[in-house]
Novice: 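Input: one structure, supplied below.
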2 protein chains.
Amino acid sequence: MGHSQESKLETHAKIVEAAAKRFRETGLEGIGVADLMKEVGLTVGGFYKHFESRGALVAEAVSAMQGGWDALFARAEERGQAKPALFDALVDNYLDPAHRDNPGEGCLFAALSAELARSEDAARTAATQKLESALGKLTKVFSEQRAPAARAAAIFAYSTLIGAVSLARATNDPALSAEILSTVARGLKARLRPATAGQSKR
Amino acid sequence: MGHSQESKLETHAKIVEAAAKRFRETGLEGIGVADLMKEVGLTVGGFYKHFESRGALVAEAVSAMQGGWDALFARAEERGQAKPALFDALVDNYLDPAHRDNPGEGCLFAALSAELARSEDAARTAATQKLESALGKLTKVFSEQRAPAARAAAIFAYSTLIGAVSLARATNDPALSAEILSTVARGLKARLRPATAGQSKR
DNA sequence: ATTATCTATAGATCTATAGATAATGC
DNA sequence: ATTATCTATAGATCTATAGATAATGC
């Protein structure tokens with residue numbers, strides 16, 4: 001039995017992390033409180049000292065779900081990477097088979113949109129914040145356009161990405177799944193890649 | 001107690017219809033066998049004379065799920081509607097708030113992709129057939145292009161539609177939800193609407 | 001003394017099966 | 001006689017709570 005208040009905070013964070021991964025893998029109802037606690041090396045009984053209810057954990061876990069984009073944005077910033085190259089990197093990363101095959105570390109929306117639609121408001125509010133945050137970042141990639149056009153491009157591209165991974169995961173035909181990912185990657189780059197600043201043709 | 005063999009077929013079909021609706025509304029695990037039977041006016045016990053397991057019903061229900069597109073394709077055929085007008089009708093219908101708000105009668109993939117990814121092969125195979133069928137119809141809308149380009153356009157547009165409705169359902173911010181639907185509808189028409197045959201500009 | 005975690009369990013599910021009942025259809 | 005459906009229930013979940021245990025921290 002661990003006991004310090006500091007270790008309780010660590011425990012809390014570990015439960016949330018495990019839930020953030022497993023919920024994306026198994027769905028929001030695909031794993032029970034007991035199994036989540038076991039994954040962190042604890043037992044059921046302690047759970048309700050950390051969360052008011054299972055639903056409270058769902059909301060916290062949604063807030064904690066990070067896809068792989070943050071690193072790409074950070075790297076682009078650091079290297080002074082141009083917008084078109086960043087856009088390509090985001091698309092390639094999102095539509096990589098590795099993302100399709102590892103929902104536990106992947107995009108919240110590709111994994112959980114449908115269940116979020118049926119969830120308590122706390123979880124949906126957390127998801128909405130994640131969505132606005134992702135759209136905000138993506139909008140900057142299109143900043144050579146006027147603000148409304150840039151936001152529209154972000155919403156359009158994000159929808160396309162999420163739909164493609166959703167379909168690629170749903171089918172059990174590997175060829176079709178691969179075709180969806182590669183086709184949509186090509187399509188997004190051909191149709192939505194931002195122009196380099198001051199560049200009107202490529 | 002109804003008993004004839006003919007009425008058994010009717011009963012079977014009613015169970016599948018109810019499941020096709022309720023699974024899209026509540027998720028594949030959101031309603032139990034007992035409640036599904038109750039919805040058709042029957043009790044649990046009879047279920048396993050109709051289906052070998054709950055999973056067998058899931059697969060049959062997936063096969064039975066029809067979105068609203070068939071009617072639009074039929075009407076276009078009948079009226080000799082041009083491709084661009086049909087494309088616009090498909091987009092507007094799919095991205096209508098009524099579709100977002102009524103998953104039970106809507107697109108299989110917007111409602112169940114993530115759960116299908118975790119389902120038994122029977123259900124995923126049924127879903128794959130539905131997907132190929134939808135892509136096949138949509139590919140014809142782009143038939144003024146060469147075959148590979150038309151199929152690519154269909155995959156791209158379908159992904160975008162599914163992602164948009166997924167996001168519009170997930171958020172609990174009504175303004176954002178409406179913005180996603182209208183933005184993606186405008187974007188698809190601007191970027192992917194097929195040209196009328198023989199028409200190089202609009 | 002407080003509290004983070006443990007064991008144990010109540011109460012509410014849900015799938016699947018067993019055996020009874022009452023129509024169908026030979 | 002067969003069988004479509006019914007009632008009842010076994011066995012396996014899962015959420016949440018009660019009460020015990022053993023460190024922490026005043």
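Throughout, protein chains are lettered first and strands after them, A, B, ... in sequence-line order, and every chain is numbered starting at 1.
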Novice: Apply ring pair (Phe, Tyr, Trp, His ring centres under 6.0 Å) to F156(B) and list each qualifying residue two or more places apart in sequence or on a separate chain.
Specialist: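 Per chain and number, F156(B) pairs via ring pair (Phe, Tyr, Trp, His ring centres under 6.0 Å) with no residue.
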Novice: State plainly whether the residues K21(A) and E39(A) are in salt-bridge range, i.e. N to O under 4.0 Å.
Specialist: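 Not counted as a salt bridge, because no side-chain N and carboxylate O are separated by less than 4.0 Å.
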Novice: If you restrict it to nitrogen or oxygen atoms, what contacts under 3.5 Å exist between nucleotides 9-16 of chain D and the protein, and what is each distance?
Specialist:
unit_1  : atom_1 : unit_2 : atom_2 : d
dT15(D) : OP1    : R54(A) : NE     : 2.4
dT15(D) : OP2    : V33(A) : N      : 2.8
dA16(D) : OP2    : Y48(A) : OH     : 2.5
dA16(D) : OP2    : R54(A) : N      : 3.0
dA16(D) : O5'    : Y48(A) : OH     : 3.4

Novice: For Y94(A), does its backbone N or O pair with a side-chain atom of H99(A) as donor and acceptor, under 3.5 Å?
Specialist: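 Yes; at least one donor-acceptor contact below 3.5 Å.
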Novice: Please, what dot-bracket string fits DNA chain C when only Watson-Crick and G-U pairs with both distances under 3.5 Å count, crossing ones use [ ] and pairs to another strand use |?
Specialist: ||||||||||||||||||||||||..
Novice: Mind listing the closest non-hydrogen atom pair of M37(B) and I15(B) along with its distance?
Specialist: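 Heavy atoms of M37(B) and I15(B) come nearest at SD-CD1, 3.6 Å.
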Novice: Does any N or O in the side chain of N102(A) come within less than 3.5 Å of the main-chain N or O of G104(A), such that one atom is a donor and the other an acceptor?
Specialist: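 No, the answer is negative, given that no donor and acceptor are paired below the 3.5 Å cut-off.
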Novice: Examine dA4(C): is either OP1 or OP2 under 4.0 Å from a nitrogen or oxygen in the side chain of K8(A)? Give yes or no.
Specialist: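 So the side chain of K8(A) is within the cut-off, an N or O lying under 4.0 Å from OP1 or OP2 of dA4(C).
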Novice: For the pair made of NE2 in H12(B) and P in dT3(D), what is the distance, rounded to whole Å?
Specialist: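 Interatomic distance, NE2 of H12(B) to P of dT3(D): 17 Å.
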Novice: Quick one: K38(A) NZ to dT5(C) C1', roughly how many Å, whole number?
Specialist: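 The answer, rounded to whole Å, is 16 Å.
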Novice: What is the distance, to the nearest angstrom, from the CD1 atom on I15(B) to the C1' atom on dC6(D)?
Specialist: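 Going from CD1 in I15(B) over to C1' in dC6(D) covers 14 Å.
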Novice: Please state whether the phosphate of dT5(C), meaning OP1 or OP2, lies under 4.0 angstrom from any side-chain nitrogen or oxygen of H50(A).
Specialist: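 Checking H50(A) against dT5(C): at least one side-chain N or O falls below 4.0 Å of OP1 or OP2.
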Novice: Between E25(B) and R169(B), is there a side-chain N and carboxylate O pair less than 4.0 Å apart?
Specialist: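 Not counted as a salt bridge, because no side-chain N and carboxylate O are separated by less than 4.0 Å.
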Novice: Would you kindly give the NZ-to-P distance between K49(A) and dA4(C), to the nearest whole Å?
Specialist: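 Going from K49(A) (NZ) to dA4(C) (P), I get 8 Å.
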Novice: Locate the shortest heavy-atom distance separating I180(B) from L131(A); write the atom from each residue and the value.
Specialist: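 Nearest pair, atom of I180(B) first, then L131(A): CD1-CD2, 4.1 Å.
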Novice: Just say parallel, tilted or perpendicular for the rings of Y158(A) and W69(A), cut-offs at 30° and 60°.
Specialist: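 The rings of Y158(A) and W69(A) sit tilted, inter-plane angle from 30° to 60°.
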Novice: Could you tell me whether E144(B) and K83(B) make a salt bridge, using a distance below 4.0 angstrom between a side-chain N and a carboxylate O?
Specialist: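 No.
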Novice: Using atom CG of L9(B) as one end and atom C1' of dT5(D) as the other, report the distance to the nearest whole Å.
Specialist: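 After rounding, the reported distance stands at 15 Å.
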Novice: Does a nitrogen or oxygen in the side chain of T11(B) sit under 4.0 Å from OP1 or OP2 of dT5(D)?
Specialist: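 Indeed, a polar side-chain atom of T11(B) lies that close.
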